[in-house]
Amino acid sequence: MKDEGGSLMTDASALRRVLVVDDDPTLIALISDGLCLLGGYEVAVATDGALGLEHFYEVRPDCVVVDVRMRGLNGFQFVRALRGDPETQETPIVVLSALVQDRDEAAGLLSGADAYLFKPARIAELLQAIERAMRLTSEQRLHRRLELAGVELAE
Amino acid sequence: MSRGDSDFARRLANPIQSARNALSVLFVDPDVSFAERLASVLRATCAVAVVPTAQAAIAAMKARMPNIIVTELDLPDRPGLELLATLREAPATRNVLLLVVTARRGVADKVAAFQAGADDYLVKPVDPLRFETHVQLLSKFRQIFPG
């Protein structure tokens, strides 16, 4: 589709956006290409947690993929910053990390991530995690967090 | 790859009753009625105190050191960020969980708070059920990463 000036345009309203926050430029390029080519996503990137949070409000992505070990804010802090604000608490979030111990995955889920993937992750797996995260309703996400927290709803 | 996170999540969800019952929470907020509303969801299972200023918070800590401090950033007698940094650096309070609950929603405030030592950052208005969830999740996180 072209605009009046003859330049190629994409229908931005049809594209879903993913924000990738990772300090590894090689990995960012790989993930971005994969999400764009295989998933049809529009991809925005940031290379540290603080910039990622700023960029989030500029881009308003449909999902965030975030590393853990980063400058500025680490991934757990980034996730908590989003989950702690009523305006952003329902953001689908996938953590993608080289930290592969049980406790790291636990930390990610307890911080509020919808999924925790270990690097290196196949693009297909990342795409599945993104799609699952985006399908979660706010009720499902809250229920999951209540379950993790061991909080019982009053009758 | 990921593990079957549903199984893992179920294991994480096991209530840690002994930790919950031992929790002591100090609220620092000049809007005492707001703080009392949040405190009320924890009173059944935690020892709770509410104070309006940083100075009162310091005095309360000397009487009983809390496990968790919930603080607004806009305090009448001292910047909340400064209080956070002081608490995080002091040996006596280094491992206390620090939650910010504030009306400030700017990115710079959030980044500054985490960098000053906050463990979590909640923007007002805060739903009491979500607040309780944040407290419990943070407590479990701290059990994994003692700090």
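No hydrogens, no waters, no symmetry mates; every other heavy atom, side chains included, goes into these values. So you know, we letter chains A, B, ... as the sequences are listed, proteins then strands, and number each from 1.
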A.B. asks: Of the listed residues (F131(B), F114(B), Y121(B)), which shares the most heavy-atom pairs with chain A below a 4.5 Å separation?
C.D. replies: F114(B)
A.B. asks: V18(A), V59(A): one ILVMFWY side-chain cluster at the under-4.5 Å cut-off?
C.D. replies: no
A.B. asks: For F78(A), is it the side chain, the backbone, both, or neither that has a heavy atom closer than 4.5 Å to a heavy atom of chain B?
C.D. replies: neither
A.B. asks: To the nearest 0.5 Å, tell me how far T133(B) OG1 sits from R83(A) CZ.
C.D. replies: 12.5 Å
A.B. asks: When hydrophobic residues are tied together by side-chain contacts of less than 4.5 Å, even through go-betweens, does V135(B) share a cluster with V41(B)?
C.D. replies: yes
A.B. asks: Does any part of the side chain of R145(A), heavy atoms only, come nearer than 4.5 Å to the side chain of H134(B), both counted from C-beta?
C.D. replies: yes
A.B. asks: Please flag which part of F56(A) lies under 4.5 Å from any non-hydrogen atom of chain B: side chain, backbone, both or neither.
C.D. replies: neither
A.B. asks: Quick one: does R80(A)'s side chain get under 4.5 Å of L138(B)'s, heavy atoms only?
C.D. replies: yes
A.B. asks: Report whether I31(A) and M134(A) are members of the same hydrophobic cluster (ILVMFWY, side-chain heavy atoms less than 4.5 Å apart, transitive linking).
C.D. replies: yes
A.B. asks: May I ask you to test the R130(B)-L142(A) pair for a side-chain heavy-atom distance under 4.5 Å?
C.D. replies: yes
A.B. asks: Going hydrophobic residue to hydrophobic residue with side-chain gaps under 4.5 angstrom, can you get from L30(A) over to V45(A)?
C.D. replies: no
A.B. asks: Treating Ile, Leu, Val, Met, Phe, Trp and Tyr as nodes and any side-chain heavy-atom pair under 4.5 angstrom as an edge, say whether V79(A) and V107(B) lie in one connected cluster.
C.D. replies: yes
A.B. asks: How long is the span from the CG atom in N74(A) to the CD atom in Q115(B), to the nearest 0.5 Å?
C.D. replies: 10.5 Å
A.B. asks: Taking it one step at a time, do Q77(A) and V111(B) satisfy side-chain contact (heavy atoms from CB on, under 4.5 Å)?
C.D. replies: CA-CA 9 Å; Q77(A) 292 170 328; V111(B) 172; over 6 Å; no
A.B. asks: Between chain A and each of L122(B), V100(B), V126(B), count heavy-atom pairs under 4.5 Å; write down the option with the most.
C.D. replies: L122(B)
A.B. asks: Under 4.5 Å from any heavy atom of chain A, what part of F141(B) do you find: side chain, backbone, both or neither?
C.D. replies: both
A.B. asks: Do side-chain atoms of K110(B) reach the backbone of L53(A) as a donor and acceptor pair under 3.5 angstrom?
C.D. replies: no
A.B. asks: Side chain, backbone, both or neither: which part of E87(A) has a heavy atom under 4.5 Å from chain B?
C.D. replies: both
A.B. asks: So, do T88(A) and V123(B) sit near enough that their side-chain heavy atoms are less than 4.5 Å apart?
C.D. replies: no
A.B. asks: Write out, in numerical order, the residues from residues 62-73 of chain A with a heavy atom short of 4.5 Å from a heavy atom in chain B.
C.D. replies: G72(A), L73(A)
A.B. asks: Chain A heavy atoms under 4.5 Å from D127(B): which part of the residue, side chain, backbone, both or neither?
C.D. replies: neither
A.B. asks: Closest heavy-atom contact between P86(A) and P125(B)?
C.D. replies: CG-O, 3.6 Å
A.B. asks: Please state whether the side chain, the backbone, both or neither of L99(B) comes within less than 4.5 Å of a heavy atom of chain A.
C.D. replies: neither
A.B. asks: Could you pull out the closest heavy-atom pair between I144(B) and A106(A), with the gap in Å?
C.D. replies: CD1-CB, 3.3 Å
